[in-house]
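Accompanying notes for the structure given below.
FYI, side chains are in, hydrogens and waters are out, and symmetry mates aren't considered; it's all heavy atoms of this structure. All residue numbers refer to positions in the sequence shown, counting from 1.
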Amino acid sequence: MRVGRLAWVAALTATACVALLVTRAAPGAVVRGVLILTALALIPVVLRLPMVAWVPPVVYLMASVYFGGQSGGRWAWWAQAFNPDAEPQDVIVAAGIWAAVAGAYALRPPVARF
């Protein structure tokens, strides 16, 4: 069951990455963005609030747009969703965050359905 959950979220994330990479966008930025947004969406699911899984990614993106831009076309360290340049360490950090949240999702006990 736990391996299945982890495989499901990994497959869903990989599918999103492949779908976006077909558009010929910057590969590092695409993978980083998908990992960050998937991790943010999984947090409410881990907390047993799947009905609001859309809220963290939307709030993050809105905050990034309104408050993350800095002078000279740069982005704040926390607003990396819109930064078109992805350094390898950005992708590694995003993958670490994703792995932690996906692991928590996979390890949580199943919900009893009646």
Would one find more than 12 heavy atoms of other residues, nucleotides or ligands at under 6.0 Å from atom CH2 of Trp54?
no
Determine the minimum heavy-atom distance between Ala39 and Val101, stating which atoms define it.
O-CG1, 3.5 Å
Return the CG to CG distance between Leu61 and Leu40, rounded to the nearest 0.5 Å.
8.5 Å
Minimum heavy-atom distance Ala102-Leu42, with the two atoms named:
CA-CD1, 4.3 Å
Examine Ile36 and Trp75 and state if one hydrophobic cluster contains both, with Ile, Leu, Val, Met, Phe, Trp and Tyr joined whenever side-chain heavy atoms are less than 4.5 Å apart.
yes
Trp78, Tyr66: one ILVMFWY side-chain cluster at the under-4.5 Å cut-off?
yes
Taking every heavy atom of Leu35 against every heavy atom of Val91, the minimum-distance pair comes out as CD1-O, 4.3 Å
Could you pull out the closest heavy-atom pair between Val45 and Ala53, with the gap in Å?
CG2-CB, 4.0 Å
Hey, what do you get for OH (Tyr60) to CE (Met62), rounding to the nearest 0.5 Å?
14.0 Å
Kindly work out whether a path of hydrophobic side-chain contacts (I/L/V/M/F/W/Y, heavy atoms less than 4.5 Å apart) joins Val59 to Leu49.
yes
Heavy-atom nearest pair, Ala86 first then Gly28, reads CB-C, 3.4 Å
Rounded to the nearest 0.5 Å, how far apart are OG1 of Thr13 and CG of Leu37?
10.5 Å
Answer with yes or no whether the hydrophobic clustering places Leu107 together with Leu47; edges join I, L, V, M, F, W, Y residues whose side-chain heavy atoms lie under 4.5 Å apart.
no
Roughly how far apart are Asp85 CG and Arg32 CZ, rounded to 0.5 Å?
8.5 Å
Below 4.5 Å, heavy atoms only, C-beta onward: do Val9 and Trp98 meet side chain to side chain?
yes
Between Phe67 and Val58, is there a shared hydrophobic cluster once you connect ILVMFWY residues whose side-chain heavy atoms come closer than 4.5 Å?
yes
Over all heavy atoms of both residues, which pair between Val52 and Pro44 is shortest? Give the atoms and the distance, please.
O-CG, 3.8 Å
